[in-house]
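Chain naming here is simple, since letters A, B, ... match the order of the sequence lines and numbering starts at 1 in each.
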Amino acid sequence: MSDNKEMPKAYESAEVEKKWYPLWEERKYFHGNPDSGKKPYSIVIPPPNITGILTLGHVLNNTLQDILARWHRMLGHEVSWFPGTDHAGIATESRVERYLKEKENTGREELGREEFMRRVWEWREKYGGTIIRQLRRLGSSCDWERERFTLDEGLSDAVRKVFVSLYEKGYIYRGRRMINWCPVSKTALSDEEVIYKEVKGKFYHYKYPLSDGSGHLVIATTRPETMLGDSAVAVHPEDPRYKHLIGKTVNLPLTGRKIPIIGDEHADPAKGTGCVKITPAHDPNDFEVGTRARLEFINIMNKDATMNERAGQDYAGLDRYECRKKVLHDLEAAGLMVQVEDIIHNVGYSERGDVPIETLVSEQWFVKMDELAKPAIEAVRSGDIKFYPDRWAKTYFHWMENIKDWCISRQIWWGHRIPAWYNDTTGEIYVGMEGPKDGGPWRQEEDVLDTWFSSWLWPFSIMGWPKETAELKFFYPTCDLVTGPDIIFFWVARMIMAGYEFTGELPFKNVYFTSIIRDDLGRKLSKSLGNSPDPLDVIDTYGADALRFSIIYIAPVGMDIRYSNDKCEIGRNFANKLWNACRFRQMQGPTTAGFRELSGIDQSKLTPDEKWMLFKLDEVIVMANTALKEYRFHFAVHEIYEVVWSTFCDWFIESSKIGLRQGGEAKAQAIAVLDFVLFKILRLLHPFMPFITEELAHQMGFLGDDQTIMYESFPLPLSEKRLQCIMDKNVELLNMVDGKFQLIRSGRALKVNYNIPAGKKASYYIKAFSPANESFLKSEMESVKFLLNADEVIVSQEDYNAADGAAPSQMSNTGMIYLPLKGLIDVDAELKKLNEQKRQIEGWIKGSESKLNNKSFVDKAPENVVREAQAHCEELKQKLVRVNELIISLS
RNA sequence: GGGCGUAUAGCUCAGUUGGCUAGAGCGCUACGUUGACAUCGUAGAGGUCACAGGUUCAAGUCCUGUUACGCCCACCA
């Protein structure tokens, strides 16, 4: 298997990625089988819009899902990650309209409903799959055979069934309500699709003359053009300034209409002038007032926010902002303007159209939400569904407990057409899966449903609901959901409600909310700012594994991520490091048999460094497993990075070279341990870096051509017993090895400080602080010499003999290392350094002693803390003694 | 107005029930191509943990308040 062909010096991601992904897919490794008898693990993708292209947000989100999917696959679960796309009604429709306008100079109205829909499907075939193809580049192990689209036949059935069922239950109703209207998309929007922006505006004060000529009222508004639809002026019923005017009328300027002055508590005497113009058809509050006072609802606007004929012939046809200018001009001309104030206020914008929305009265379909919310609130409260980080639960509760009815009808064509039919002769409404069959004059509702009305069914509709499919039985409820907190209301909350209402079960058990990705200046990534890197370019430059690894590495838990492309160097360099570690191993000879279980090695013959490595490896395995269970991906990745780079490469590989050079049995053992450790590392990393780990597992000969690392077991911690066995029941050994490495570090520092080239052999003297250390270091002589690049190292418990020439030294916890320089030493510099050290140690001792002399510390602190403090103080004192001795010997 | 989050090295961030001298990566400085790796190695500089109080033997960690930044919700005639 391992053919000993020399591996390239650097990891080349492109080739490896191109090779493995098609193979994985062909061999159906991603496919979950409902009859496997294994434990199911399922996850549904947050369906990206078909108009979308891959962004870094998707990269983060899908990397996390892939980590979970691959991890569970390696844990032996039957995994299915259900992929698919969302038809994204408004976004797609406006996108295709733009496309048609550019390409053919045609549009919705010209083509008609049927032809337009045909064109949208055509567009979808041509461009709609982009993001799904791009996900493959990332390495996403989606169960592609189960890919679905929210407008698929099956999913559309689910939507109709849900609509009918909610209608029959009385939860869906049709009504004339105040809704949010987008003048660009020309459709109603739900409250969630309105975003509030702080903008500069003006506050206009002007006069409404009393009809009896006895004076005027001053009203104030930010939207003077709406006065054309005013039905009244309201004052507070108890306001002494205006109380007596209630029942009179004012002449509404520019219109020739007389409108009443009414008393209504909505008017706040403390705000503005205390008089409020009431425009019931264009303001939510005025709508309430108008309903209470049975005022006329005067709709003065067209669908595109131009004024209609009810605004008066001077204004009809004008755009709302043109109209505002004209109204102001005309008020001015009539001498009615009082003052204009600059203000900053919040204005609702259409999420898709990015223009201010209009609130207006319109006939729409709604879902009554309060009953649906109840079990969904309970599920999160009881912990059946858990949020990570859990603080999002508060946001969730707040919204759910104040939930408003959901406006679900949209005046567009691309979507699920509402399954309601009107009989214009009888005035009946029929709602059903199919249209009525009685041959009557039925006309289907023109409107379609809000996109989210299909998305909220996603976790079960994607599995074939309402049919009782094998997938549904085996994979539902799903386990984890990974999504952004920005769609907690749009999607997460609604899915939970739908899950309980239609399947009687929760749709998923855990929800992990990802961080928001920003650029390195902290700005949101957006196309218009041009600060949104194309992940495919990043993959081309750095590799998919590098991107995946880096983005997890830099993702702080539950906070925003500051991303820039050069951060991907972390992952690229790490991949390269791993590659070269394997390359080094491969240069030593063919794969041994023990790489899975370390079989064939007498454990009593393991070197201290090998035991140390195995212990450290086990530690990181424990941490990685726990971290993944707790969704602490970032932590897992940091720990693995550390152990691979520092523990394994910096120390263990270097250490292993001794055995490797010895040859024979020592070499065989060194190779076996390297293989064992490497194979565990590769498996540990596979969920994070799927491509390189698969490639290396094969390069190293751990796996045959017909095998995949995807189905190898994820490393689990050794049992306590086995660990004890490996460690030879000798935990002290670890400290000894750590102490040895510290001494070596100190020895190297001495060389650097005295500008001795690292390549030059040196002689050292080590004073060991204990007999155990002395004998340990002596038994490790070869390793010490090798790692220090020294030709001679003397170890003893005796002090260094100054007669041999002054020598700079460094202290570690287990010993003192000297670099005799035969007169080359800069005594003054050494003394300066030592005196500084002395001062520092004295300071520490002082602090330590004052703590120990504090009676309440000794009395109240736990015993072990006190004991440790005492031991530490003792240690410091010893150090001080040694430093003093050195100072004396040098001066 | 209500809620949430954040503030630790030049930068980005760890620091999980309070407990040795606060860590990492990047960047920076010096040296270095010793047969895995310059996408590298060795060593080093760099922090009054936002501020002010409090609790405690002990506070980066807990409490209160202040400041700054960010987000969400509500309201704004």
Item checked: Sub-4.5 Å side-chain heavy-atom contact between A:Tyr641 and A:Phe574 ->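 The answer is yes; the side chains approach within 4.5 Å.
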Checklist line | A:Glu836 side chain reached by A:Lys833 side chain, heavy atoms, under 4.5 Å | finding: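 They are not in contact (no side-chain heavy atoms under 4.5 Å apart), so the answer is no.
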Scan nucleotides 70-75 of chain B against the protein and return all N/O pairs shorter than 3.5 Å with their distances rounded to 0.1 Å.
{"from": "B:C75", "atom 1": "N4", "to": "A:Asn346", "atom 2": "ND2", "distance (Å)": "2.7"}

Check: If you check every side-chain atom of A:Leu876, which of B:U16, B:C4, B:U21 has the closest atom?
Finding: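 The listed nucleotide nearest to A:Leu876's side chain is B:U21.
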Margin query: From the set B:U12, B:C76, B:C20, return the single nucleotide nearest to any side-chain atom of A:Arg562.
Written below: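 Output: B:U12.
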Item checked: Qualifying residue, where the test is ring pair (Phe, Tyr, Trp, His ring centres under 6.0 Å) with A:His638 and the options are A:Tyr553, A:Phe688, A:Phe549 ->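 Looking at A:Tyr553, A:Phe688, A:Phe549, the match for A:His638 under the ring pair (Phe, Tyr, Trp, His ring centres under 6.0 Å) is A:Tyr553.
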Next item on the list: Would you mind classifying the nucleic acid contact of A:Thr222 as base, sugar-phosphate or nothing, using non-hydrogen atoms under 4.0 angstrom?
Entry: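 Here A:Thr222 touches the backbone only, sparing every base.
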Next item on the list: Please work out if A:Arg745 contacts a base, only the sugar-phosphate, or nothing of the nucleic acid, heavy-atom cut-off 4.0 Å.
Entry: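 Sugar-phosphate contact only.
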Item checked: Rounded distance in Å - CD1 (A:Ile357) to C1' (B:C76) ->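 Between C1' of B:C76 and CD1 of A:Ile357: 14 Å.
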Check: Who are the salt bridge (Lys or Arg N to Asp or Glu O under 4.0 Å) partners of A:Arg292, not counting sequence neighbours?
Finding: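 So A:Arg292 forms a salt bridge (Lys or Arg N to Asp or Glu O under 4.0 Å) with A:Asp264.
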Distances for protein N or O near nucleotides 55-58 of chain B N or O, under 3.5 Å:
{"from": "B:C57", "atom 1": "OP1", "to": "A:Lys860", "atom 2": "NZ", "distance (Å)": "2.0"}
{"from": "B:C57", "atom 1": "O4'", "to": "A:Ser856", "atom 2": "OG", "distance (Å)": "3.2"}
{"from": "B:C57", "atom 1": "O2'", "to": "A:Asn854", "atom 2": "ND2", "distance (Å)": "3.0"}

Item checked: Span that lies between the P atom of B:U61 and that of B:G19, in whole angstrom ->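 It works out to 11 Å between them.
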Notebook entry, point to check: With nearest nucleotides of RNA chain B determined for A:Asn753 and A:Gly274 from heavy-atom distances, which residue corresponds to the more 5′ nucleotide?
Noted result: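 By nearest-heavy-atom nucleotide position, the 5'-most residue is A:Asn753.
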Next item on the list: Keeping to residues at least two apart or across chains, list the side chain to side chain donor-acceptor pair (under 3.5 Å) pairs with something in residues 860-870 of chain A.
Entry: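 Non-adjacent pairs meeting side chain to side chain donor-acceptor pair (under 3.5 Å): zero.
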Next item on the list: Spell out protein contact along nucleotides 30-41 of chain B as letters: B when the base is contacted, S when just the sugar-phosphate is, - when no protein heavy atom is under 4.0 Å; keep the 5' to 3' order.
Entry: ----B-BB-BSS
Next item on the list: Go through the steps for A:Ile278 and A:Asp230 under the test side chain to side chain contact (heavy atoms under 4.5 Å, CB included), then give the verdict.
Entry: CA-CA 5 Å; A:Ile278 301 297; A:Asp230 281 2; over 6 Å; no
Margin query: A cation-pi test, strictly: NZ or CZ of A:Lys394 under 6.0 Å from the centre of the six-membered ring of A:Phe387 and no more than 45 degrees from its axis. Yes or no?
Written below: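 Output no; distance or angle outside limits.
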Next item on the list: Under 3.5 Å for both distances, Watson-Crick or G-U wobble, that's the pair rule; now give the dot-bracket for RNA chain B, with | marking pairs to another strand and [ ] for crossing ones.
Entry: (((((((..((((.....[...)))).(((((.......))))).....(((((..]....))))))))))))....
Next item on the list: Could you pull out the closest heavy-atom pair between A:Lys751 and A:Leu788, with the gap in Å?
Entry: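 Taking every non-hydrogen atom into account, NZ-O, 3.4 Å.
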Item checked: Check ion pair A:Glu842-A:Lys879 (N to O, under 4.0 angstrom) ->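 Answer for the salt bridge query: no.
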